[in-house]
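Remember, it's 1-based here, ligands and their atoms both numbered in the order they're listed.
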Amino acid sequence: MKILLAVLQTEDAKKIIGKLNKEGYKVTKMNSTGGFLNAGNVTLLLGVPAENVEHVIDIIKADSRTRTKSVSTAAMPYVVSSASIGIDGMIPFNIDSGSLSVDVKVGGATIFVLENVNLAALGISDAV
Ligand code: 2BA
């Protein structure tokens, strides 16, 4: 048994969860927030037999798009001065109708695979 934690974009989550369920995988969906953009995303928790990990990753990969998001620096809680982003050269910014925004590429998905996990299922149905 392995645990997969998959951080998805909200726009992709419904379709991916549907496909995973259709293939018989049990999924826990958690609403999460990216630490950088401070925008909502979706984290899936899956307990998966080791031999199925690649299959699950393939399903997620198939519907995880890369998107460019334009984000106001005001949404980034750690930015002390908006202008410092450009000065540091970390990411480019543009001034759009008076407000400061940055273009950031997000996705497809970020997947963590945790090894050697024990699953205790307390209930009447089989765990996997
Ligand atoms: P966020 O942390 O909101 O990051 C959104 C996107 O911003 C990232 O897309 C990346 O392109 C960019 N980004 C993040 N941190 C950056 C930084 N310090 N400097 C410059 N650009 C940065 P993705 O890499 O596709 O990540 C999407 C979401 O997946 C992240 O949202 C976060 O919630 C999660 N994630 C990605 N890598 C992670 C990691 N190593 N550990 C935990 N969560 C991660």
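Using a 4.0 Å heavy-atom cutoff, Ala39 is absent from the residues neighbouring ligand 1.
For Asp103 (side chain) and Thr68 (main-chain N/O), no donor-acceptor pair under 3.5 Å exists by modelled atom type. Side chain of Ser32 to main chain of Asn41: a donor-acceptor pair is present (N/O by atom type, distance under 3.5 Å, no hydrogens or angles).
Residues Ile3 and Leu46 form no side-chain contact, since every pair of their non-hydrogen atoms from C-beta on lies 4.5 Å or further apart. Contact of the Arg67 side chain with the Lys105 side chain is not registered, since no non-hydrogen atoms from C-beta on lie closer than 4.5 Å. Contact of the Arg65 side chain with the Glu11 side chain is not registered, since no non-hydrogen atoms from C-beta on lie closer than 4.5 Å.
Ile111 and Ala6 make their closest contact through CG1-CB, 4.1 Å (heavy atoms, listed as atom of the first residue, atom of the second, distance).
Residue Lys105 touches ligand 1 through its backbone alone, judged by heavy-atom distances below 4.0 Å.
Every N/O-N/O distance between Val7 and ligand 1 stays at or above 3.5 Å. Residue Phe36 has at least one N or O atom closer than 3.5 Å to an N or O atom of ligand 1.
Of the options Asn41, Val42, Thr110, the smallest heavy-atom separation from atom 30 (C) of ligand 1 is shown by Asn41.
Interface atoms of ligand 1 facing Val104, defined by a heavy-atom separation under 4.0 Å, are 6 (C), 7 (O), 11 (O), 12 (C). Below 4.0 Å from some heavy atom of Leu37 lie the following atoms of ligand 1, by number and element: 1 (P), 3 (O), 5 (C).
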